[in-house]
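Accompanying notes for the structure given below.
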Amino acid sequence: MVETYTPYGYNVNKIGVLLMHAFMDSLEVLLEKGGIRKDVVLLVISALSLLLSIFKVFPFGFDTAWIAVVLCGIPIILEAIIGLVTRFDIKADVLVSLALIASLFIGETFAAGEVALIMQLGSLLEDLTVAKARAGIEKLVKLDPQTARVMRDGEERIVGAIDVKVGDVVRVLAGETVPVDGIIINGETSINQAVITGESLPVDKKAGDEVLSGSVNQYGPFDMKALKVGKDSSIQRMIRLVQSADASKAKIVGLADRWATWVVVIALSAAALTWVFTGEIIRSVTILVVFCPCALVLATPTAIMAAIGNAAKHGFLVRQGDALERLAGVKRIAFDKTGTLTYGTLEVCKAVSAEKKREDEMFFLAASIEALSEHPIAKAVVKSYKKNYKKTLAEAADFKMFPGRGVQAYADGKIVLAGNNALMDSFGIVLPENMALEVDNCSLEGEAVVNVAADGIYLGFLSLSDTLRPESKEMIDSIKSFGFEPVLLTGDNGKVASKVADRVGIRNIRSSCLPEDKLSWIEESRKNGLGVCMIGDGINDAPALKTADVGIAMGGIGSDIAVEAADIALVDDQIGQLPHLLMLSRRMMKTIRLNLTFSMALNFLAIVLAITGVLNPVVGALVHNAGSVFVIADSAFLLKWKKKL
């Protein structure tokens, strides 16, 4: 065999043999794998073929740059033809196709292959960026259980999760994913529900507790009654939110597409005029190569999808790409109170005894008899007692319930009453004047009051109120420091609203609001040029969430209707992450503007250099695609961006 050496001393035939082996290995992998791996293999084969072309090694008897043209260039040309024929869609691939054909026409096969390779590389980088951005969201889809163990006719049967019906008894073994929403009817276990609620620690569950689909049974089998199945289950609801996260809906993407169309027209005109006045077709081809608007088209969707991925890591599911664009322009952040700034659950906030230093005894007796009641206030009393005291509750007997007033039972050797003023009056128990005044004040502030008496003697009262989220005040302080105006829109009375607003630092308050009142305020703010972001959780918030520039629903405790009406869902209800989302939206818009400005500036600079003959097609392709790589890399930084609060 005759050995040929390049000026640098390399044995090109040996290089050709090694490259051919690599080529065949890559081709074998290509036949076995698909998706992104297939695209990577195609790029590797194309890159190897261009490398052979550089060294003038032609093991197939022709310029191997043609391999890159075929593998990377033909898909681009076909896409352009399909777009033109079916939609008359003049986009970047039209100009790329023209650049490829023109390069081949003047004999610049290597330039054509290089253009095709780098264009496909840019496309792959975009796919990888988008895939990484959405990975934190789309993993929810994989958590959707496919089968369920259903007890029918006394036997355990394995059925498809979609075939479970409301009322079915479902058995879940240790390590299995809960297939539907329901209530445990038999067994005790610990559930990892981080994917649904964001809780980092497993939650103990027993008979009567709710379990959500998508959560994982840590240990111990249990039987549950199915309540929400199929599309109504928690995991399916989350999946629908995931599938609606689509950057193509962003208005600014359409703007970039329109710009791309004009860039194609300008590039074709510039190429034609350059050919006419200079007579050098290579300059015209270079113009077509450098003026491809790939960076312009990539500028927006990559930034939006990266921002959506970032938001997902902080507990937000963005349903529409343009939601972040709109969020960047809002001036006011309107909050519902219950379930948003507060937990939406009652807790004992005061224990006031008629006799000094006897609060613990009064609380003990009340919790002991309330333990037999299913009323929400009763459950809150018991839960609060267990949270604050380690003493075991007394066994209660002779339990009686008085609907709308309270309960009575025998506990710790006493006949105990727990209820409202009407219950005390019915048993002839008179509240001391000072205690009656305190009870009235608590009631006026929207607190639920439980009077307690034993053996006909008034002992005192427990006052219950909604619990403020500990992160609410810090969150409000942060958004105010960023220039947003927080507003409280609530159906509670003025005293209750003012009490919460004062604690978190909100000055603009709208209390006693009906749903239509919230709508009117939002519409008025928008007419005055003050964009509004509404945050709520209840069914009554749905109209406001839909009307506001951006609606954010509490995804954990929020109603289905509220979540469906919102643009963004806060999955784990950690409202402390809101300042990050607000500033992320602004950062995203800055990234988009930078990407658009850079891509346009680079295109116009490159066209001037091409017209003057400074750039040839090969160098022009490198310069142009460097812009695409910059845009994608710049957008990718949004994935890990975090505002220092």
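Reckoned from all heavy atoms, side chains included, excluding hydrogens, waters and symmetry mates.
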Would you indicate whether the side-chain heavy atoms of [Y] and [X] approach each other to under 4.5 Å?
| X | Y | value |
| --- | --- | --- |
| L639 | N310 | no |
| F484 | K331 | no |
| M475 | P579 | yes |
| R587 | M583 | no |
| L42 | C72 | no |
| Q574 | F316 | no |

What's the spacing between [X] [atom1] and [Y] [atom2] if we round to 0.5 Å?
| X | Y | atom1 | atom2 | value |
| --- | --- | --- | --- | --- |
| I552 | F335 | CD1 | CZ | 8.5 Å |
| E325 | I304 | CD | CD1 | 7.0 Å |
| L578 | H314 | CG | NE2 | 12.5 Å |
| L468 | Y343 | CG | OH | 8.5 Å |
| S511 | L489 | OG | CG | 10.0 Å |
| S97 | I76 | OG | CD1 | 6.5 Å |

Give the minimum heavy-atom separation between [X] and [Y], together with the two atoms involved.
| X | Y | value |
| --- | --- | --- |
| L581 | A311 | CD1-CB, 4.0 Å |
| L71 | S46 | CB-OG, 3.7 Å |
| M588 | A303 | CG-O, 3.9 Å |
| R586 | F482 | NH1-O, 3.3 Å |
| V180 | A161 | CG1-O, 4.3 Å |
| M534 | D336 | CE-N, 4.0 Å |

What residues form a side chain to side chain donor-acceptor pair (under 3.5 Å) with [X], not counting sequence neighbours?
| X | answer |
| --- | --- |
| D181 | S213, S234 |
| T591 | none |
| E485 | R332, N508 |
| K205 | none |

Within the distance-only criterion (no hydrogens, no angle test), does the side chain of [X] pair as donor or acceptor with the backbone N or O of [Y] below 3.5 angstrom?
| X | Y | value |
| --- | --- | --- |
| R507 | D502 | no |
| S215 | L212 | yes |
| S472 | L341 | yes |
| R326 | D549 | yes |
| R526 | T547 | yes |

Applying salt bridge (charged side-chain N to carboxylate O under 4.0 Å, His left out), name anything that partners [X], two or more places apart in sequence or on another chain.
| X | value |
| --- | --- |
| E176 | R149 |
| R503 | none |
| E79 | none |

Suppose we screen for ring pair (Phe, Tyr, Trp, His ring centres under 6.0 Å). Which residues come up paired with F598, at least two apart in sequence or across chains?
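Listed in chain order: F630.
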With sequence neighbours excluded, tell me which residues meet side chain to side chain contact (heavy atoms under 4.5 Å, CB included) with [X].
| X | answer |
| --- | --- |
| F637 | D634 |
| L78 | I74 |
| K480 | I476, D477, P486 |
| A271 | S284, I287, L288 |

Do S635 and N595 get their side chains close enough for a donor-acceptor pair, meaning under 3.5 Å?
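The answer is yes; a qualifying pair exists.
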Verify side chain to side chain contact (heavy atoms under 4.5 Å, CB included) between V487 and W521, making sure each step is shown before the conclusion.
CA-CA 11 Å; V487 181; W521 182 85; 3.7 Å; yes
Determine, step by step, whether I479 and L582 satisfy the side chain to side chain contact (heavy atoms under 4.5 Å, CB included) criterion, reporting the C-alpha distance in whole Å, the side-chain angles of both residues, the deciding distance to 0.1 Å, and the verdict.
CA-CA 8 Å; I479 67 172; L582 294 172; 3.6 Å; yes
Please determine whether a side-chain nitrogen of the Lys or Arg among D517 and R510 lies less than 4.0 Å from a carboxylate oxygen of the Asp or Glu.
no
Worked verdict on I535 versus I333 for side chain to side chain contact (heavy atoms under 4.5 Å, CB included):
CA-CA 8 Å; I535 306 174; I333 313 297; 3.7 Å; yes
Criterion side chain to side chain contact (heavy atoms under 4.5 Å, CB included) on L317 and I568, from CA distance to verdict
CA-CA 6 Å; L317 282 178; I568 301 171; 6.0 Å; no
